[in-house]
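Below, all heavy atoms of this structure are taken into account, side chains as well, without hydrogens, waters or symmetry copies. What you see is a predicted model, and the numbers here were worked out from it, not measured in a lab. Order of the sequence lines fixes the chain letters, A, B, ..., with proteins taken first and strands second; residue numbering starts at 1 for each chain.
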Number of protein chains: 2
Amino acid sequence: MATIEHKQLWQAVADQLRDEILDGRLAAGARLVETELADRFGVSRGPIRDALTELARTGLAVDLPRRGTFVSSLTEADLNEVYVIRRAIEEVAVRLAISHATAQELTELRVALEAVEDAYRGPDLAAAWEADMEFHRSYCRLSGNGRLLAVFEQLASQTVLLMRTAVATRASLAWIPPVEVHRHIADAIGARDAQRATDAVAAHYRYTEERLSAADRGRETGPAPSAPIRRSLAG
Amino acid sequence: MATIEHKQLWQAVADQLRDEILDGRLAAGARLVETELADRFGVSRGPIRDALTELARTGLAVDLPRRGTFVSSLTEADLNEVYVIRRAIEEVAVRLAISHATAQELTELRVALEAVEDAYRGPDLAAAWEADMEFHRSYCRLSGNGRLLAVFEQLASQTVLLMRTAVATRASLAWIPPVEVHRHIADAIGARDAQRATDAVAAHYRYTEERLSAADRGRETGPAPSAPIRRSLAG
DNA sequence: GCGACGCTAACTGTTGACAATCGTCCTGTC
DNA sequence: GACAGGACGATTGTCAACAGTTAGCGTCGC
């Protein structure tokens, strides 16, 4: 059923820019000038504009009217916002997935889980995060609720960006890969135990918060307080 | 603090189209042709395109590449999707609002509640729905989570559209205004009782589902069941 | 020396035109 | 009579240019 995607220009541009933002080549706060990008990609400003609105839609960029588009500078507060919503919708997602996913569909969850565990064993953190997101995406997809999946997608790309900045200031995060929490979620869904699955999701996010707090305590002794990231454009 | 809004053209167009979709002048499935709209609004196709992508983003229209944009035809399944997510995020929203909204901010909730009750007493269903959405929007705003509010906004406009189509096929809905459920939510938040507030939101959505099921049963046997408590859809 | 004003450069918002693609109608054939 | 194929029309995707606005910088007045 793989329909050939006649990719629009703006999609190709958006994909490219998304990658560059997520792997840090485009730093937070960087300005995305339409004319520059148009030159660089060899297309006119139209598709560039479409790509930038797409990035703004997914939260990777912010669009200030008449002023330009900038790579998002996400902060601690943003991280909390994202996790609060992800937890809420994923708790629902696992329940929905349990109630109407076929046994065959549930196997793809285990595949995704193993990919996560493998990836976190490796050295490439960015790849691990992608696998991580793909695992969560799996059961959001299996929920059968397209809008839920869409909300998740938005938050997923922001999550990766947030992890980047979090690790940048708190290197210790990289040493505590979140593996068991994912296995618990997969197990509970596999057993079609709704209550346990919900709890497992909740536990996942409690664990994540705990990791962040622990890393924070470690950071308090060192430099870099969190304040000055905001409004890098005014300075 | 009222900063002057230099409204972009596409925003004005999007607002206008949104109104027309929500009050039914633009029927579900209607085609939105860029050149036509450009003529009608006296602007070029650029801002029209932006407006259409905005409508697509909020779910009021769907964009088929190379084919055009159409007013969304939302179905029963969409209604379920929307309500599932709204329930999930609103349960969180009330808890957040309780934990960090000032007493003064909570008063705006009561104002919104009274607006809802007044509106449902009147004959204008569309206005009642808007007031209804504004009530829910209040505590989503008070949650302090901007992304949560953004997700709500998307779903809110779809909700209004869904109610339109639901009433079109099940007139009996108009006779059962959902008033008490809102008061329970407001009361629980006002008392800063997180558990009761969460339960009240859950009850709200159970009640809504019940109303829809009841209307469905009424529809299966024949048109309009009796026992009217309150009157009148559009008079 | 410090703050306010005005100028300049750069960029976005908007426009109209061109080109590629899709749906539709008509025709011809099986 | 139904279906495949081709031409036409309509509509979107893309492009290049114009106009208005914003930020930065220098200059003037105090």
Side-chain angles (χ1 to χ4, degrees), chain A residues 1-18 20-21 26-73 230-235, chain B residues 2-18 20-21 26-58 60-73:
Chain A
M1 277 302 176
T3 55
I4 303 166
E5 305 202 8
H6 191 78
K7 221 175 213 174
Q8 309 278 65
L9 276 181
W10 69 263
Q11 277 183 331
V13 173
D15 286 350
Q16 174 70 20
L17 290 178
R18 198 185 75 95
E20 296 190 11
I21 291 173
L26 281 170
R31 185 166 188 178
L32 300 167
V33 180
E34 296 178 0
T35 51
E36 272 180 21
L37 296 172
D39 284 349
R40 207 185 112 194
F41 288 103
V43 298
S44 83
R45 277 177 53 214
I48 300 289
R49 284 174 70 84
D50 291 344
L52 292 184
T53 49
E54 170 67 12
L55 289 179
R57 199 187 64 83
T58 54
L60 294 184
V62 289
D63 176 69
L64 306 181
R66 286 257 172 223
R67 203 164 308 184
T69 306
F70 303 83
V71 177
S72 291
S73 309
R230 268 186 73 79
R231 289 218 34 108
S232 54
L233 43 143
Chain B
T3 56
I4 301 168
E5 306 198 10
H6 193 77
K7 218 175 213 171
Q8 310 277 64
L9 278 181
W10 68 263
Q11 276 183 329
V13 173
D15 286 350
Q16 175 69 22
L17 289 178
R18 199 184 76 93
E20 296 189 11
I21 292 173
L26 281 170
R31 187 166 189 180
L32 299 168
V33 179
E34 296 178 1
T35 51
E36 273 179 21
L37 296 172
D39 283 348
R40 204 186 114 193
F41 287 103
V43 298
S44 80
R45 275 178 52 216
I48 301 289
R49 283 174 72 84
D50 292 343
L52 292 183
T53 52
E54 169 67 13
L55 290 178
R57 198 186 65 83
T58 54
L60 293 184
V62 289
D63 177 68
L64 307 181
R66 287 268 174 212
R67 202 161 309 183
T69 306
F70 302 82
V71 177
S72 292
S73 309

*Asks:* Separation of B:K7 atom NZ from D:dT21 atom P, in whole Å?
*Replies:*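 B:K7 atom NZ is separated from D:dT21 atom P by 18 Å.
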*Asks:* Rounded to whole angstroms, how far apart are CD1 on A:I48 and P on C:dG13?
*Replies:*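 One finds 14 Å between P of C:dG13 and CD1 of A:I48, rounded.
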*Asks:* Nearest to the side chain of B:R31 - D:dT11, C:dC11, D:dT21?
*Replies:*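 Minimum distance to the B:R31 side chain belongs to D:dT11.
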*Asks:* Between A:F70 (CZ) and D:dA23 (P), how many Å, whole number?
*Replies:*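 Between P of D:dA23 and CZ of A:F70: 9 Å.
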*Asks:* So does A:R49 get a side-chain nitrogen or oxygen closer than 4.0 Å to the phosphate oxygens (OP1/OP2) of C:dG13?
*Replies:*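 True: A:R49 side-chain N/O within range (under 4.0 Å) of C:dG13 OP1/OP2.
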*Asks:* Could you check how far CD of A:E34 sits from P of D:dA17, rounded to whole Å?
*Replies:*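 After rounding, the reported distance stands at 17 Å.
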*Asks:* How many angstroms lie between atom CD of A:Q11 and atom CZ of A:R18, to the nearest 0.5 angstrom?
*Replies:*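 If I round to the nearest 0.5 Å, the distance is 12.0 Å.
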*Asks:* B:A61 and B:L32: which non-hydrogen atoms are nearest, and at how many Å?
*Replies:*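 Shortest heavy-atom separation between B:A61 and B:L32 comes out as CB-CD1, 4.4 Å.
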*Asks:* What contact category does B:L64 fall into here, base, sugar-phosphate, or nothing, at under 4.0 angstrom with non-hydrogen atoms?
*Replies:*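 No contact.
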*Asks:* From C:dT14, C:dT15, D:dT12, pick the nucleotide closest to the side chain of A:R45?
*Replies:*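 Closest nucleotide to the A:R45 side chain: C:dT14.
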*Asks:* Find the distance B:W10:CH2 to C:dT15:P and express it as a whole number of Å.
*Replies:*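 B:W10 atom CH2 is separated from C:dT15 atom P by 15 Å.
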*Asks:* Given atom CZ of A:F41 and atom P of D:dT14, what is their separation to the nearest angstrom?
*Replies:*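 From A:F41 CZ to D:dT14 P: 14 Å.
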*Asks:* Name the closest nucleotide to the B:R66 side chain, picking from C:dC11, C:dA20, D:dT21.
*Replies:*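 That would be C:dA20.
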*Asks:* Minimum heavy-atom separation for A:S73 and A:G29, please, with both atom names.
*Replies:*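 Looking at all heavy atoms of both residues, the closest pair is OG-N, 3.4 Å.
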*Asks:* In terms of the nearest nucleotide of DNA chain D, which residue is placed more toward the 5' end: A:P65 or A:L9?
*Replies:*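 Going by which nucleotide is closer to the 5' end, it is A:L9.
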*Asks:* At less than 4.0 Å, is any side-chain N or O atom of B:R67 found next to OP1 or OP2 of D:dT11? Yes or no.
*Replies:*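 Result: no.
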*Asks:* For B:T35 and B:R45, work out which heavy atoms get closest and say how close.
*Replies:*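 What the structure gives for the nearest pair is CG2-CD, 3.7 Å.
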*Asks:* Kindly give the heavy-atom pair with the smallest separation between A:A51 and A:A14, and that separation in Å.
*Replies:*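 Heavy-atom minimum between the residues: CB-N, 3.7 Å.
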*Asks:* So which nucleotide from D:dC15, C:dT12, C:dT15 ends up closest to the side chain of B:S44?
*Replies:*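 Within the option list, the nearest is C:dT15.
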*Asks:* Return the nearest nucleotide to the side chain of B:P47; candidates are D:dT14, D:dT21, C:dT15.
*Replies:*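 Of the options given, the side chain of B:P47 lies nearest C:dT15.
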*Asks:* Identify whether any heavy atom of B:G68 sits under 4.0 Å from a base atom; if not, whether one sits that close to sugar-phosphate; answer base, sugar-phosphate or nothing.
*Replies:*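 If one applies the 4.0 Å heavy-atom cut-off, B:G68 turns out to touch the sugar-phosphate alone, with no base involved.
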*Asks:* Grab the CG-P distance between B:D50 and C:dT15 for me, whole Å please.
*Replies:*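 Whole-Å distance recorded here is 11 Å.
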